[in-house]
Amino acid sequence: MPELPDVEGFRGVMQRCAGGRRVDGVEVRDAGVLRGVTARRLCRELQGRRFAQPWRHGKWLVTPSDGPALVWHFGMTGELLCAAPDDAVEAHDRLLITLDGGRQLRYRDRRKLQGVRLAADEAAVERILADLGPDARGLDLSRFLRLLSGRRGGIKSALTDQSLLAGLGNLLADEILWRARVRPDRSVRGLDDDELRRVHAAMGRVLRSSVRAGRVPARRGWLTGRRDDAEPVCPRCGRPLASGRTAGRRTVWCEHCQR
DNA sequence: TTGGTTGTTATTAT
DNA sequence: AATAATAACAACCA
(Lines give C-alpha, C1' and ligand atoms only; values in the text may rest on other atoms or scores of the structure.)
Protein backbone atom coordinates (compact mmCIF):
# COMPACT_ATOMS: atom_id res chain seq x y z
CA MET A 1 0.00 0.00 0.00
CA PRO A 2 2.23 2.70 1.26
CA GLU A 3 2.93 5.49 -1.16
CA LEU A 4 2.84 9.15 -0.25
CA PRO A 5 -0.93 9.29 0.51
CA ASP A 6 -0.83 6.26 2.77
CA VAL A 7 2.12 7.61 4.69
CA GLU A 8 0.38 10.95 5.00
CA GLY A 9 -2.48 9.01 6.58
CA PHE A 10 -0.06 7.33 8.99
CA ARG A 11 1.22 10.77 9.92
CA GLY A 12 -2.33 11.65 10.93
CA VAL A 13 -2.62 8.42 12.94
CA MET A 14 0.63 9.21 14.67
CA GLN A 15 -0.42 12.75 15.44
CA ARG A 16 -3.84 11.86 16.80
CA CYS A 17 -2.67 8.82 18.70
CA ALA A 18 0.73 9.84 20.02
CA GLY A 19 1.15 13.60 19.60
CA GLY A 20 2.21 15.01 22.96
CA ARG A 21 1.98 11.56 24.56
CA ARG A 22 4.60 9.86 26.69
CA VAL A 23 5.91 6.37 25.99
CA ASP A 24 4.95 4.06 28.83
CA GLY A 25 6.07 0.81 27.25
CA VAL A 26 7.67 -0.64 24.15
CA GLU A 27 7.18 -4.21 23.03
CA VAL A 28 9.14 -5.54 20.08
CA ARG A 29 7.28 -8.64 18.93
CA ASP A 30 9.44 -9.14 15.86
CA ALA A 31 12.87 -7.52 15.72
CA GLY A 32 12.87 -8.12 11.95
CA VAL A 33 11.36 -4.66 11.49
CA LEU A 34 14.12 -2.88 13.40
CA ARG A 35 16.79 -1.31 11.20
CA GLY A 36 20.15 -0.54 12.74
CA VAL A 37 18.86 -0.71 16.29
CA THR A 38 18.39 -3.56 18.75
CA ALA A 39 15.14 -4.16 20.59
CA ARG A 40 16.90 -3.45 23.88
CA ARG A 41 18.25 -0.12 22.78
CA LEU A 42 14.97 0.95 21.18
CA CYS A 43 13.11 0.24 24.43
CA ARG A 44 15.74 1.99 26.52
CA GLU A 45 15.90 5.10 24.34
CA LEU A 46 12.15 5.46 23.92
CA GLN A 47 10.91 4.72 27.42
CA GLY A 48 9.51 7.86 29.04
CA ARG A 49 9.99 10.05 25.95
CA ARG A 50 7.26 12.37 24.76
CA PHE A 51 6.32 12.43 21.06
CA ALA A 52 6.32 15.76 19.23
CA GLN A 53 4.81 16.66 15.83
CA PRO A 54 5.33 13.96 13.21
CA TRP A 55 6.26 14.90 9.67
CA ARG A 56 6.59 13.14 6.34
CA HIS A 57 8.94 13.31 3.42
CA GLY A 58 8.09 11.15 0.43
CA LYS A 59 7.25 7.71 1.75
CA TRP A 60 9.12 8.27 5.01
CA LEU A 61 7.55 9.24 8.30
CA VAL A 62 9.58 10.98 10.99
CA THR A 63 8.28 11.01 14.54
CA PRO A 64 10.49 13.14 16.76
CA SER A 65 10.34 13.08 20.53
CA ASP A 66 12.00 15.00 23.33
CA GLY A 67 14.79 12.47 22.88
CA PRO A 68 15.54 10.57 19.66
CA ALA A 69 13.30 10.39 16.61
CA LEU A 70 11.78 7.32 15.02
CA VAL A 71 12.08 7.14 11.26
CA TRP A 72 9.57 4.81 9.65
CA HIS A 73 9.34 3.26 6.22
CA PHE A 74 6.40 1.01 5.43
CA GLY A 75 7.73 -1.00 2.51
CA MET A 76 4.89 -2.58 0.58
CA THR A 77 2.76 -3.83 3.44
CA GLY A 78 3.45 -1.75 6.54
CA GLU A 79 0.86 0.31 8.41
CA LEU A 80 0.50 2.29 11.58
CA LEU A 81 -2.53 1.83 13.78
CA CYS A 82 -3.89 3.35 16.93
CA ALA A 83 -5.38 0.72 19.25
CA ALA A 84 -6.50 0.21 22.80
CA PRO A 85 -3.92 -1.90 24.67
CA ASP A 86 -6.43 -4.70 25.21
CA ASP A 87 -7.42 -4.91 21.53
CA ALA A 88 -6.38 -8.29 20.16
CA VAL A 89 -2.84 -8.20 18.78
CA GLU A 90 -2.60 -9.59 15.27
CA ALA A 91 0.02 -11.87 13.80
CA HIS A 92 1.81 -9.10 11.91
CA ASP A 93 1.84 -6.51 14.66
CA ARG A 94 5.61 -6.21 14.98
CA LEU A 95 6.02 -3.30 17.34
CA LEU A 96 3.71 -2.01 20.09
CA ILE A 97 4.25 1.34 21.76
CA THR A 98 2.02 1.96 24.75
CA LEU A 99 1.33 5.62 25.52
CA ASP A 100 0.05 7.46 28.53
CA GLY A 101 -3.64 8.19 28.21
CA GLY A 102 -4.50 4.61 27.33
CA ARG A 103 -3.67 4.19 23.68
CA GLN A 104 -1.23 2.01 21.83
CA LEU A 105 0.59 2.62 18.59
CA ARG A 106 1.05 -0.49 16.46
CA TYR A 107 3.33 -1.08 13.53
CA ARG A 108 1.84 -3.87 11.48
CA ASP A 109 3.77 -5.28 8.53
CA ARG A 110 3.34 -8.56 6.78
CA ARG A 111 6.43 -8.64 4.63
CA LYS A 112 8.92 -6.67 6.68
CA LEU A 113 10.59 -5.19 3.63
CA GLN A 114 11.34 -2.02 5.54
CA GLY A 115 10.86 -0.96 9.13
CA VAL A 116 11.77 1.43 11.90
CA ARG A 117 15.02 3.31 12.48
CA LEU A 118 16.17 5.28 15.48
CA ALA A 119 17.81 8.66 14.89
CA ALA A 120 19.60 10.27 17.81
CA ASP A 121 19.14 13.81 16.54
CA GLU A 122 18.10 15.94 13.58
CA ALA A 123 21.37 15.36 11.78
CA ALA A 124 20.82 11.60 11.97
CA VAL A 125 17.35 12.05 10.47
CA GLU A 126 18.81 14.12 7.66
CA ARG A 127 21.37 11.43 6.92
CA ILE A 128 18.64 8.84 6.51
CA LEU A 129 16.66 11.11 4.16
CA ALA A 130 19.69 12.56 2.38
CA ASP A 131 19.17 10.86 -0.98
CA LEU A 132 15.55 11.92 -1.44
CA GLY A 133 14.40 14.55 -3.89
CA PRO A 134 11.77 17.14 -2.95
CA ASP A 135 8.39 15.86 -1.79
CA ALA A 136 6.02 15.29 -4.70
CA ARG A 137 3.14 16.97 -2.91
CA GLY A 138 3.06 20.69 -3.48
CA LEU A 139 5.80 20.64 -6.10
CA ASP A 140 5.05 23.60 -8.33
CA LEU A 141 5.23 23.49 -12.12
CA SER A 142 8.46 25.40 -12.59
CA ARG A 143 10.28 23.26 -10.05
CA PHE A 144 8.82 20.13 -11.62
CA LEU A 145 10.01 21.17 -15.07
CA ARG A 146 13.44 22.00 -13.73
CA LEU A 147 13.74 18.58 -12.12
CA LEU A 148 12.87 16.82 -15.34
CA SER A 149 14.92 18.98 -17.66
CA GLY A 150 17.97 17.10 -18.87
CA ARG A 151 16.61 13.83 -17.55
CA ARG A 152 17.25 10.91 -19.84
CA GLY A 153 15.17 7.74 -19.78
CA GLY A 154 11.48 7.10 -19.34
CA ILE A 155 8.85 9.25 -17.66
CA LYS A 156 7.59 6.51 -15.38
CA SER A 157 11.02 5.68 -14.05
CA ALA A 158 11.62 9.40 -13.50
CA LEU A 159 8.39 9.81 -11.54
CA THR A 160 9.14 6.84 -9.31
CA ASP A 161 12.80 7.75 -8.77
CA GLN A 162 12.80 8.79 -5.10
CA SER A 163 16.05 10.67 -5.50
CA LEU A 164 14.47 12.88 -8.14
CA LEU A 165 11.17 13.53 -6.39
CA ALA A 166 9.92 11.67 -3.34
CA GLY A 167 6.64 9.93 -2.68
CA LEU A 168 5.33 8.47 -5.94
CA GLY A 169 5.12 4.70 -6.23
CA ASN A 170 3.96 2.27 -8.86
CA LEU A 171 0.22 2.84 -8.57
CA LEU A 172 0.46 6.62 -8.43
CA ALA A 173 2.79 6.80 -11.41
CA ASP A 174 0.44 4.73 -13.57
CA GLU A 175 -2.58 6.71 -12.38
CA ILE A 176 -0.90 10.06 -13.08
CA LEU A 177 0.27 9.08 -16.56
CA TRP A 178 -3.11 7.65 -17.46
CA ARG A 179 -4.76 10.87 -16.32
CA ALA A 180 -2.22 12.92 -18.29
CA ARG A 181 -2.68 10.72 -21.39
CA VAL A 182 1.03 9.99 -21.62
CA ARG A 183 2.41 6.49 -22.16
CA PRO A 184 4.64 5.30 -19.31
CA ASP A 185 7.46 4.28 -21.63
CA ARG A 186 7.77 7.69 -23.29
CA SER A 187 11.16 9.28 -22.81
CA VAL A 188 11.21 12.46 -20.76
CA ARG A 189 13.15 14.24 -23.48
CA GLY A 190 10.47 13.38 -26.01
CA LEU A 191 7.69 15.08 -24.04
CA ASP A 192 6.60 18.53 -25.19
CA ASP A 193 5.66 21.39 -22.87
CA ASP A 194 1.99 20.59 -22.97
CA GLU A 195 2.56 16.96 -22.06
CA LEU A 196 4.85 17.88 -19.19
CA ARG A 197 2.27 20.35 -17.92
CA ARG A 198 -0.40 17.67 -18.12
CA VAL A 199 1.75 15.26 -16.12
CA HIS A 200 2.33 17.90 -13.47
CA ALA A 201 -1.37 18.83 -13.29
CA ALA A 202 -2.38 15.17 -13.07
CA MET A 203 0.14 14.63 -10.31
CA GLY A 204 -1.39 17.46 -8.31
CA ARG A 205 -4.94 16.24 -8.76
CA VAL A 206 -4.18 12.57 -8.14
CA LEU A 207 -2.20 13.40 -5.02
CA ARG A 208 -4.90 15.70 -3.65
CA SER A 209 -7.62 13.05 -4.02
CA SER A 210 -5.38 10.26 -2.80
CA VAL A 211 -4.23 12.11 0.29
CA ARG A 212 -7.85 12.83 1.12
CA ALA A 213 -8.61 9.12 0.79
CA GLY A 214 -5.46 8.03 2.63
CA ARG A 215 -4.52 5.81 -0.30
CA VAL A 216 -4.71 5.66 -4.07
CA PRO A 217 -8.46 5.13 -4.33
CA ALA A 218 -9.54 2.01 -6.19
CA ARG A 219 -12.52 3.83 -7.67
CA ARG A 220 -13.96 2.47 -10.90
CA GLY A 221 -13.34 5.80 -12.56
CA TRP A 222 -9.64 5.49 -11.78
CA LEU A 223 -7.09 3.26 -13.44
CA THR A 224 -6.22 1.92 -9.98
CA GLY A 225 -9.80 0.68 -9.61
CA ARG A 226 -9.48 -1.40 -12.77
CA ARG A 227 -5.95 -2.69 -12.91
CA ASP A 228 -6.63 -5.82 -10.90
CA ASP A 229 -9.74 -6.84 -12.83
CA ALA A 230 -9.53 -10.13 -14.70
CA GLU A 231 -9.98 -8.30 -18.01
CA PRO A 232 -9.35 -4.67 -17.20
CA VAL A 233 -10.72 -1.97 -19.45
CA CYS A 234 -9.98 1.74 -19.59
CA PRO A 235 -12.47 3.70 -17.48
CA ARG A 236 -12.29 6.49 -20.08
CA CYS A 237 -12.71 4.73 -23.41
CA GLY A 238 -13.76 1.21 -22.45
CA ARG A 239 -11.03 -0.46 -24.50
CA PRO A 240 -8.87 -3.21 -22.94
CA LEU A 241 -5.94 -1.93 -20.91
CA ALA A 242 -2.40 -2.90 -21.82
CA SER A 243 -0.05 -4.25 -19.23
CA GLY A 244 3.66 -4.88 -19.17
CA ARG A 245 6.81 -3.96 -17.41
CA THR A 246 8.32 -0.48 -17.21
CA ALA A 247 11.01 0.65 -14.83
CA GLY A 248 11.04 -2.88 -13.45
CA ARG A 249 7.46 -2.77 -12.22
CA ARG A 250 4.11 -3.96 -13.44
CA THR A 251 2.69 -1.18 -15.57
CA VAL A 252 -0.87 -0.71 -16.79
CA TRP A 253 -1.89 1.80 -19.45
CA CYS A 254 -4.37 2.48 -22.23
CA GLU A 255 -2.99 2.20 -25.76
CA HIS A 256 -5.80 4.33 -27.08
CA CYS A 257 -5.88 7.19 -24.56
CA GLN A 258 -2.17 7.45 -23.82
CA ARG A 259 0.19 8.66 -26.52
C1' DT B 1 4.19 -25.47 -7.15
C1' DT B 2 4.79 -21.25 -9.59
C1' DG B 3 4.25 -16.62 -10.30
C1' DG B 4 3.08 -12.29 -8.79
C1' DT B 5 2.93 -8.23 -5.44
C1' DT B 6 1.74 -0.74 -4.09
C1' DG B 7 8.80 -0.93 -1.14
C1' DT B 8 14.25 -0.12 -1.32
C1' DT B 9 19.00 -1.51 -2.12
C1' DA B 10 23.08 -3.59 -4.26
C1' DT B 11 25.00 -5.21 -8.36
C1' DT B 12 25.67 -5.46 -13.11
C1' DA B 13 24.88 -3.84 -17.78
C1' DT B 14 24.22 -0.25 -21.12
C1' DA C 1 27.90 9.72 -14.88
C1' DA C 2 23.16 8.29 -15.42
C1' DT C 3 19.71 4.89 -16.30
C1' DA C 4 17.93 0.40 -16.69
C1' DA C 5 17.47 -4.37 -15.49
C1' DT C 6 17.81 -7.91 -12.12
C1' DA C 7 17.83 -10.24 -7.84
C1' DA C 8 17.32 -10.08 -3.05
C1' DC C 9 14.75 -9.11 1.00
C1' DA C 10 9.94 -11.63 3.29
C1' DA C 11 5.38 -13.32 3.38
C1' DC C 12 1.36 -14.38 1.43
C1' DC C 13 -2.16 -15.41 -2.09
C1' DA C 14 -4.20 -17.30 -6.38
Please report the C-alpha distance between Asp6(A) and Lys59(A) in whole Å, then the side-chain angles of each, then the deciding distance to 0.1 Å, and finally whether the salt bridge (charged side-chain N to carboxylate O under 4.0 Å, His left out) criterion is met.
-> CA-CA 8 Å; Asp6(A) 311 83; Lys59(A) 303 174 191 172; over 6 Å; no
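The interatomic distance linking Lys59(A) (NZ) with dT6(B) (P) rounds to 11 Å, in whole Å. As a whole-Å value, the separation of Asp228(A) CG from dG4(B) P is 14 Å. The distance between atom CG of Leu159(A) and atom P of dT6(B), rounded to the nearest whole Å, is 16 Å. The CG atom of Leu113(A) sits 10 Å away from the P atom of dT8(B) (whole-angstrom rounding). Note: CD1 (Ile128(A)) to P (dT8(B)) measures 15 Å, nearest angstrom. The CZ atom of Phe74(A) sits 18 Å away from the C1' atom of dA11(C) (whole-angstrom rounding). Counting to the nearest Å, the C1' atom of dG7(B) and the CH2 atom of Trp72(A) are 17 Å from each other. Between the C1' atom of dT5(B) and the CZ atom of Arg245(A) lies a distance of 9 Å, rounded to the nearest Å.
Side-chain proximity of Lys112(A) to dG7(B), dA10(C), dT6(B): nearest is dA10(C). Here the side chain of His73(A) is nearest to one of dA10(C), dT5(B), dT8(B), namely dT8(B). For Arg110(A), the side-chain atoms get nearest to dC12(C) when compared with the rest of dC12(C), dT6(B), dT3(C). Listed nucleotides: dT5(B), dT8(B), dA4(C). Nearest to the side chain of Arg151(A): dA4(C). In the set dT8(B), dT5(B), dC12(C), the nucleotide with an atom closest to the side chain of His92(A) is dC12(C). The side chain of Arg111(A) has dT5(B) as its nearest neighbour among dT8(B), dT6(B), dT5(B).
There is no path of hydrophobic side-chain contacts, each under 4.5 Å, that joins Trp72(A) to Val125(A).
Under the Watson-Crick or G-U wobble criterion, with both distances below 3.5 Å, dT6(B) is left unpaired in every strand shown.
Salt bridge annotation for Asp87(A)-Arg106(A): absent, with no cationic side-chain nitrogen under 4.0 angstrom from a carboxylate oxygen. A salt bridge is absent between Asp194(A) and Arg181(A): the closest approach of a Lys/Arg side-chain nitrogen to an acidic carboxylate oxygen does not fall below 4.0 angstrom. Salt-bridge check for Asp135(A) with Arg137(A): failed, with every basic side-chain N at 4.0 Å or more from each acidic carboxylate O.
Counting any heavy atom pair closer than 4.0 Å across all strands shown, Gly32(A) reaches no nucleic acid atom. Nucleic acid contact for Ser157(A): sugar-phosphate only, since backbone atoms but no base atoms lie under 4.0 Å from a heavy atom of the residue.
Partner of Phe10(A) under the ring-ring contact (aromatic ring centres under 6.0 Å, His included) criterion, out of Trp60(A), Phe74(A), Trp55(A), Tyr107(A): Phe74(A) alone.
The phosphate of dT3(C) (OP1 or OP2) has no side-chain N or O of Arg152(A) nearer than 4.0 angstrom.
Place Arg249(A) and Thr246(A) on DNA chain C by their nearest nucleotides, and Thr246(A) ends up nearer the 5' end. Each of Gly153(A) and Asp30(A) has a nearest nucleotide on DNA chain C; the 5'-most of these lies closest to Gly153(A).
Separating the P atom of dG3(B) from that of dT6(C) is a span of 15 Å, rounded to the nearest Å. Nucleotides dT6(B) and dT3(C) have their C1' atoms positioned 22 Å apart, rounded to a whole Å.
For Arg215(A) against dT6(B), a side-chain-to-base donor-acceptor contact under 3.5 Å is absent.
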